[in-house]
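We count residues from 1, following the sequence as given.
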Amino acid sequence: MENLELFDISIEEFDNMNEKHTFSKRYLQNKKRLMKNYRKSMLASHKTRYVKVAVAFTVLVIASPLIVNAATNGELFARIWGTQGRSDVKTHEEVVYSEDKNKSFIATYPQREYEDIDEEKAKELIGDQVTYESMVQEIDGTTLTICSAVRDRNAAVVEFTLEKEGGVDALNYSQVDNEAKGAWFSDEATFYIRIGDGGEHIFVDLSKSTEDKLYCYDYMTLDSVSNSIPMEITEYPCTRGEYINANDEEGEEIARNTVRKNISIPVSEIVDSVEYINPGGGVAEISPLSIKLDMAVGLGLSDGEAYDPFSCYKVEINYKDGSSYLVKEHSNSKHSCDVEIDNTSYARGGLETDMTYVFNRLVDVNEISSITINDVEYAVK
């Protein structure tokens, strides 16, 4: 969750305690802005300060073993980890508007590169671990279909579609969104879906999607290890925009009539991972899907730097044949590079000093010779 903007609501408003106090116009305006941003941030992280919320727990029941996923076999692998539906992106600048700050700024987007995938190699690496059982949920006129899922200990990818006659209006999405934080739920949506228990990036396949049906691939990090992936569906009695702009009384009423449904998406088997260590004993856990590392050990970072994801300025996987996969590289006070590279599907720092990168291609862990984190080499444990 992004930090809330701080507003000037201070004890100065209550200086004169000996007479009846009248709140200033500035105070009331700032309070309204603060509550609006607070509610918006809570919606984004899909929590709320109100406790009177109806909650339902659903155990996923598979009605049929038939595969009805949107993209099957080779196409699935090519669209999630290959070049189908996406192409390389050169570094570029975009003008970004911040609604909260009511101003625009220029953002530099990193270079991204994708690779064709070998279908047979993909089947060999994760073929038996991908679950294709379908799950369908009807949510206020929109059909959500979970088509396939796969996970390791720290990350997962879930393929799903959203379908609505007359046009899917629940998501804001574009090529730039795909390159940045991913698709996001709109103010017009009357529901919110969160898959996973960490963070996520929803990639919308623009080449395959239509106005009435979106094909989505959700890349995420996970905070718990189990043979499933959690999903929570929140249904509001109004639009998200109306909730964000509601006053306190209206917000409490909306919260009382909000319904949450918890669903467990099963996976057939957790993808295996391998541990690599640096000379100082720091561990990097890697699978074909992701890499998770502890930045506090063996990288020469201070305590404060180890908690800062920006301190990890380079991640590279070196293969036995001499080739490499540059997962991430950017400049900071300790490192400089000509072009910022981001070949991840999602990256997230944990609550401690851990950092997880979800790959934008499948990694053959059997062909790795070493891993480079910043300027430190990791060898298989």
So Ser226 and Ser224, side chain to side chain donor-acceptor pair (under 3.5 Å) or not? Walk me through it.
CA-CA 7 Å; Ser226 69; Ser224 58; 5.1 Å; no
At their closest point, which heavy atom of Ala306 faces which heavy atom of Ala296, and how far apart are they?
CB-CA, 3.8 Å
Are Ile368 and Asn318 packed together at the side-chain level, in the sense that at least one heavy-atom pair is separated by less than 4.5 angstrom?
no
Backbone N or O of Asp205 within a donor-acceptor pair of the Ser209 side chain at under 3.5 Å?
yes
Just do the side chain to side chain donor-acceptor pair (under 3.5 Å) check on Asp187 and Thr239 with the steps written out, would you?
CA-CA 6 Å; Asp187 286 353; Thr239 67; over 6 Å; no
Does any N or O in the side chain of Asn278 come within less than 3.5 Å of the main-chain N or O of Val297, such that one atom is a donor and the other an acceptor?
yes
Between Arg348 and Asp223, is there a side-chain heavy-atom distance shorter than 4.5 Å?
yes
To the nearest 0.5 Å, what is the distance between CD1 (Ile244) and SG (Cys238)?
9.5 Å
Are Tyr219 and Val363 connected in a single hydrophobic cluster, I mean Ile/Leu/Val/Met/Phe/Trp/Tyr linked by side-chain heavy atoms less than 4.5 Å apart?
no
Would you call Asp212 and Lys164 a salt bridge, taking side-chain N to carboxylate O under 4.0 Å as the test?
no
Could you see if Leu144 belongs to whatever hydrophobic cluster contains Val136? Use Ile, Leu, Val, Met, Phe, Trp, Tyr and a side-chain cutoff under 4.5 Å.
no
Charged N to carboxylate O below 4.0 Å: is that the case for Lys334 and Glu305?
yes
Using side chain to side chain donor-acceptor pair (under 3.5 Å), reason through Ser273 and Glu285 one step at a time and then give a plain yes or no.
CA-CA 6 Å; Ser273 56; Glu285 182 181 357; 2.8 Å; yes
Going through the distances and angles, do Glu269 and Asn227 end up as a side-chain contact (heavy atoms from CB on, under 4.5 Å)?
CA-CA 6 Å; Glu269 186 179 349; Asn227 279 38; 5.6 Å; no
Ser287 OG to Gln129 CD distance, which is reported to the nearest 0.5 Å:
10.0 Å
Option from Tyr243, Tyr236, Phe185, Trp184 for which ring pair (Phe, Tyr, Trp, His ring centres under 6.0 Å) with Tyr192 holds
Phe185
So does Arg361 pair up with Glu115, basic N to acidic O under 4.0 Å?
yes
Using only atom types and a distance under 3.5 Å, with no angle test, would you say the side chain of Lys320 pairs donor to acceptor with the backbone of Asn366?
yes
Is the shortest side-chain heavy-atom distance between Asp177 and Ile202 below 4.5 Å?
no
Main-chain N/O of Leu326 paired with Asn343 side-chain donor or acceptor, under 3.5 Å
yes
Counting only N and O atoms by type, is there a donor-acceptor contact under 3.5 Å from the side chain of Asp308 to the main-chain atoms of Gly304?
no
Any salt bridge between Glu316 and Lys314, counting N to O under 4.0 Å?
yes
Under the 4.5 Å side-chain heavy-atom rule for ILVMFWY, direct or indirect, which residues accompany Ile277?
Val283
Test side-chain contact (heavy atoms from CB on, under 4.5 Å) on Tyr357 and Asn154; report intermediate values, then the result.
CA-CA 9 Å; Tyr357 296 93; Asn154 306 304; over 6 Å; no
For the pair Tyr109 and His92, evaluate ring pair (Phe, Tyr, Trp, His ring centres under 6.0 Å) and give the outcome as yes or no after the intermediate values.
CA-CA 5 Å; Tyr109 286 69; His92 59 100; 5.1 Å; yes
Flag the pair Asp88 and Arg112 as a salt bridge only when some basic side-chain nitrogen lies within less than 4.0 angstrom of an acidic carboxylate oxygen.
no
Kindly indicate whether the side chain of Ile317, heavy atoms from C-beta on, has any atom under 4.5 Å from the side chain of Phe359.
yes
Scanning both residues in full, the closest heavy-atom pair of Val339 with Gln111 reads CG1-OE1, 3.6 Å
Do the side chain of His330 and the main chain of Phe310 share a donor and acceptor less than 3.5 angstrom apart?
yes
Quick check: closest heavy atoms across Arg153 and Val225, and the distance to 0.1 Å?
O-CG2, 3.6 Å
Answer with yes or no whether the hydrophobic clustering places Tyr276 together with Leu289; edges join I, L, V, M, F, W, Y residues whose side-chain heavy atoms lie under 4.5 Å apart.
no
Pairwise side-chain contact, Gln137 with Ile146, heavy-atom cut-off 4.5 Å (strictly under):
no
Do Val89 and Glu179 come within less than 4.5 Å of each other through their side chains, counting heavy atoms only?
yes
Closest contact, heavy atoms only, Ser268 versus Thr131:
N-OG1, 2.5 Å
Would you call the rings of Tyr346 and His201 parallel, tilted or perpendicular if under 30° counts as parallel and over 60° as perpendicular?
tilted
Taking Arg79 for its side chain and Thr83 for its backbone only, find out whether a donor-acceptor pair lies under 3.5 Å.
no
In terms of hydrophobic clusters joined by side-chain contacts under 4.5 Å, are Leu125 and Ile286 together?
no
Do any N or O atoms from the side chain of Asn374 and from the backbone of Ser311 form a donor-acceptor pair under 3.5 angstrom?
yes
State the CD1-CD1 distance between Ile195 and Ile265, to the nearest 0.5 angstrom.
5.0 Å
Pairwise distance CZ(Arg86) to OG(Ser207) - rounded to 0.5 angstrom:
9.0 Å
Assess whether atom CG of Asp321 is packed by more than 12 heavy atoms of other residues, nucleotides or ligands within 6.0 Å.
yes
Do Phe203 and Val150 land in one hydrophobic cluster if side-chain heavy atoms of ILVMFWY residues count as linked below 4.5 Å?
yes
Which residue in the set Trp81, Tyr325, Tyr114 passes side-chain hydrogen bond (donor to acceptor under 3.5 Å, both in side chains) when paired with Asn360?
Tyr325
Residues Tyr307 and Glu352: closest non-hydrogen pair is CD2-O, 3.4 Å
Are any non-hydrogen side-chain atoms of Pro288 and Asp364 less than 4.5 angstrom apart?
no
Between Ser186 and Asp169, the two heavy atoms sitting closest are OG-O, 2.7 Å
Testing Val327, Thr221, Ile291 one by one against Val358 for a side-chain contact (heavy atoms from CB on, under 4.5 Å), which residue passes?
Thr221
Just wondering, do Leu206 and Gln175 contact through their side chains at under 4.5 Å, heavy atoms?
yes
